[in-house]
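All values below come from the heavy atoms of this structure, side chains included, with hydrogens, waters and symmetry mates left out. Every chain is numbered from 1, with letters handed out A, B, ... down the list of sequences.
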2 protein chains.
Amino acid sequence: MEELVRPNINTTPVELMPDFQFALSVDCVIFGYDEGVLKVLLIESDLPAYKGQWSLLGDLLRPDEDLDEASYRVLRERTGLTDMFLEQVKTFGAVNRHPAGRVLTTAYLALVNVKDYQLKKKENALQWKPVSEIQAMAFDHRLILDTSLTVLQRKIQEEPIIFNLLEKKFSLRDLQHVFEQILGVEFDRRNFRKKLFTTGLLTDVNEMEQQVRHRPGRLYSFNQKAYEQIKRKTFVGLQF
Amino acid sequence: MEELVRPNINTTPVELMPDFQFALSVDCVIFGYDEGVLKVLLIESDLPAYKGQWSLLGDLLRPDEDLDEASYRVLRERTGLTDMFLEQVKTFGAVNRHPAGRVLTTAYLALVNVKDYQLKKKENALQWKPVSEIQAMAFDHRLILDTSLTVLQRKIQEEPIIFNLLEKKFSLRDLQHVFEQILGVEFDRRNFRKKLFTTGLLTDVNEMEQQVRHRPGRLYSFNQKAYEQIKRKTFVGLQF
DNA sequence: CTGAATTGTGTACTTTGTACATTATATATC
DNA sequence: GATATATAATGTACAAAGTACACAATTCAG
């Protein structure tokens, strides 16, 4: 308890220079849904310690850059996308997590439409890897991926963000399949339909699937306006 | 797009020294429930820029210290508590958030039993402030507090963490009241009871409230073991 | 003994979730 | 153009959970 009165950054003017010795990075966990499979965008590491292993897309934070802006920049530079779902997940601060020194990293979760991305993709070293097939990763990136996936599983049940993984117009089958892929469960098709329709968040765009070799389904779009209306009535209820 | 092939911390061995120029801190949002009111533990800032304003309890991250460990240390040093609910909330990284330079901070949410705390409290500059009465705060601490409160509201509905704010033995009235304080809603007393009993998480300790000037209620404790049993059955359902 | 405050209990009703089967429509193949 | 294949679209019965609501019982204070 002798440290109780120790000078403190929040309360006392102290000489801070010796404390400015950390590096910060952002790492983006970029999820995409492609050919019925949940994938994440990875890059091969060239660092000696992790030669050939897969790592997340990240970069060092710049001295005059907001943390959130850094994650956005990484997304923009690497994928060319400028408008995507992007949200901070967590900061990983184990002492020896990076071989170059004390580098802490803040993980960001991004949801992109793979179809959009493919149009602008330029970098060959990047690869969409099915989440279920990923084994070892560089650094603590496996931990970061697992953490982000858990956050994603929670969030898609609480907010209608899953539509960011699909094209503007989608079939109910696709929508159900993304949910099932991410949550690792199966829903009854008829009850899923009923549930989604009663949310009032789907707009029937009066178009049908094309080029499927079976009866085509209707296409829907996510009704953002309807969601803005209802989301104020915050859900309150215990569910543990 | 010219930056696509820029050397990158995850993929390329680069000289990192010039990048190690950030300071990191942790700030703890310590919630307590006292006399029917949700409070947060604050300290007056002595920094010239924020003289006399309230700030969260925080400290700089040390060079060889895990981020999570730093938050735990702050709690221990300031309150004497060594065993409390403590969880990372978010990292705040606006460029000018600290007058001393580029200091990013990671916020941690702590839930403590005020009764436990009072036994060990030594530091006078600390004060429990009712959350509803807090106005301006130093730095971006108001934003951090608001963010943490929102996270708290979500989490108490998803996990039985609220018991960390109460004593080991508590009445159903107390339990309901903490929920209502944090969520800002009122529950029907009878339905709340029914709901809590059906969770199977309450153990009747066969004791009654003491020194209340009305019919005393039974006391219960949180059944951690029962929770471990049921929490594996992860809830899956859409609720937006 | 009475009033004040709060506990403890139960029922009817509404809403939501779950299980489950049949007909309809498009494409591919023969 | 008939048939097989695949999936769309729909509805009902039942179970579970949530909501609204009223009354008797217990303790304390005066």
Pairs under 3.5 Å (N/O, protein and nucleotides 12-14 of chain D):
residue: D:dT12; atom: O4; partner: A:Lys194; partner atom: NZ; Å: 3.1

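- Side chain of A:Gln157 to main chain of B:Gly237: a donor-acceptor pair is present (N/O by atom type, distance under 3.5 Å, no hydrogens or angles).
- Atom CG of B:Leu196 is separated from atom P of D:dG18 by 12 Å (rounded to the nearest Å).
- For the pair B:Glu186 CD and D:dC21 P, the computed distance is 15 Å after rounding to whole Å.
- A salt bridge links B:Glu207 and B:Lys169; the closest N-O separation between the charged side-chain nitrogens and carboxylate oxygens is under 4.0 Å.
- Separating the CZ atom of B:Phe187 from the C1' atom of D:dA17 is a distance of 15 Å, rounded to the nearest angstrom.
- Put simply, CG on A:Leu219 is 11 Å from P on D:dA8, counting in whole angstrom units.
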Note to self: Strictly under 4.0 angstrom, non-hydrogen atoms only: write out the protein contact profile of nucleotides 22-30 of chain D, one letter per nucleotide from the 5' end, B, S or -.
What the structure shows: B--BBBSS-

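- For B:Lys155, the salt bridge (Lys or Arg N to Asp or Glu O under 4.0 Å) partners two or more places apart in sequence, or in a different chain, are B:Glu87, B:Glu159.
- Comparing A:Lys195 and B:Gly217 by the nucleotide of DNA chain C whose heavy atom lies nearest to each, the residue mapping closer to the 5' end is B:Gly217.
- Electrostatic pairing of B:Glu209 and B:Arg215 does not count as a salt bridge here, judged by no charged N lying under 4.0 Å from a carboxylate O.
- Under the 3.5 Å distance criterion, the side-chain polar atoms of A:Tyr33 are left unmatched by any main-chain donor or acceptor of A:Leu111.
- For the pair A:Gln210 CD and C:dT27 P, the interatomic distance rounds to 9 Å; values are reported in whole Å.
- Ring planes of A:Tyr220 and A:Phe197: tilted class, angle from 30 to 60°.
- If you check every strand for non-hydrogen atoms under 4.0 Å, A:Arg193 touches a base.
- Contact annotation: A:Arg218 side-chain N/O to D:dA8 OP1/OP2 distance is not under 4.0 Å.
- The aromatic rings of B:Phe192 and B:Phe179 sit perpendicular to each other, their planes meeting at more than 60°, with 30° as the lower class boundary.
- The separation between B:Phe192 atom CZ and C:dT7 atom P is 12 Å, rounded to whole Å.
- For the residue pair A:Gln239 / B:Gln239, a side-chain donor-acceptor distance below 3.5 Å is found, with atom types taken as modelled.
- The listed nucleotides are C:dC20, C:dG17, D:dG18; the one nearest the side chain of A:Asp188 is C:dC20.
- Taking atom CZ of B:Phe235 as the reference point, atom P of C:dT16 lies 14 Å away to the nearest angstrom.
- The distance between atom NE2 of A:His177 and atom C1' of D:dA8, rounded to the nearest whole Å, is 17 Å.
- When atom types are taken as modelled, the side chain of A:Thr105 and the backbone of A:Ser25 share a donor-acceptor pair closer than 3.5 angstrom.
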